[in-house]
Amino acid sequence: MEEDQIKTIGVIGLGAMGSRIAKRLFNSDFDLIVFNRSKRAIDNFDLGQVKTADDPFSLIKSSDTVLTVVSDDSALNSIFENGELLRDV
């Protein structure tokens with residue numbers, strides 16, 4: 001995929017690093033969709049025009065590029081259901 005084709009970027013994980021990356025992408029005029037396991041992090045991410053996904057699968061299906069910014073392997077496995085989620089994409 002060429003760079004000019006990337007329109008929507010999904011960010012999974014809105015912790016200290018993920019939220020900063022997402023804000024930078026948003027300010028760079030990308031369409032942004034975010035997901036976080038904790039709804040509190042979504043509520044704290046106050047950029048009114050950012051779309052939120054109800055689950056990682058819908059984020060992946062709606063994005064041209066996906067960034068995962070999570071704390072460890074356990075979090076990654078939890079989000080992607082130990083790889084099962086990716087088989088359905």
Side chain S78, main chain S74, donor-acceptor under 3.5 Å: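 Pair absent, no side-chain N/O of S78 close to backbone of S74.
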
Residues in side-chain hydrogen bond (donor to acceptor under 3.5 Å, both in side chains) contact with S38, at least two apart in sequence or another chain: none

N36 side chain near V34 side chain, heavy-atom distance below 4.5 Å: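 In short, these two side chains do not touch, never coming nearer than 4.5 Å.
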
I79 side chain near T68 side chain, heavy-atom distance below 4.5 Å: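 Of all side-chain heavy-atom pairs linking T68 with I79, none is under 4.5 Å.
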
Nearest 0.5 Å, please: how far is [atom2] in [Y] from [atom1] in [X]?
X: K7; Y: D64; atom1: NZ; atom2: CG; value: 7.5 Å
X: L14; Y: K23; atom1: CG; atom2: NZ; value: 9.0 Å
X: K51; Y: S63; atom1: NZ; atom2: OG; value: 9.0 Å
X: I9; Y: S28; atom1: CD1; atom2: OG; value: 8.5 Å

Residues which pass side chain to side chain contact (heavy atoms under 4.5 Å, CB included) with R20, listed by chain and number, not counting sequence neighbours: A16

Residues in side chain to side chain contact (heavy atoms under 4.5 Å, CB included) contact with S62, at least two apart in sequence or another chain: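 Per chain and number, S62 pairs via side chain to side chain contact (heavy atoms under 4.5 Å, CB included) with I33.
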
Shortest non-hydrogen contact between L59 and A53, atoms and distance: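 Closest approach of L59 to A53: CB-CB, 3.7 Å.
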
Identified side chain to side chain contact (heavy atoms under 4.5 Å, CB included) counterpart of L32 within the set N27, T52, V50, T8: V50

D54, CG atom: more than 12 neighbouring heavy atoms under 6.0 Å: no

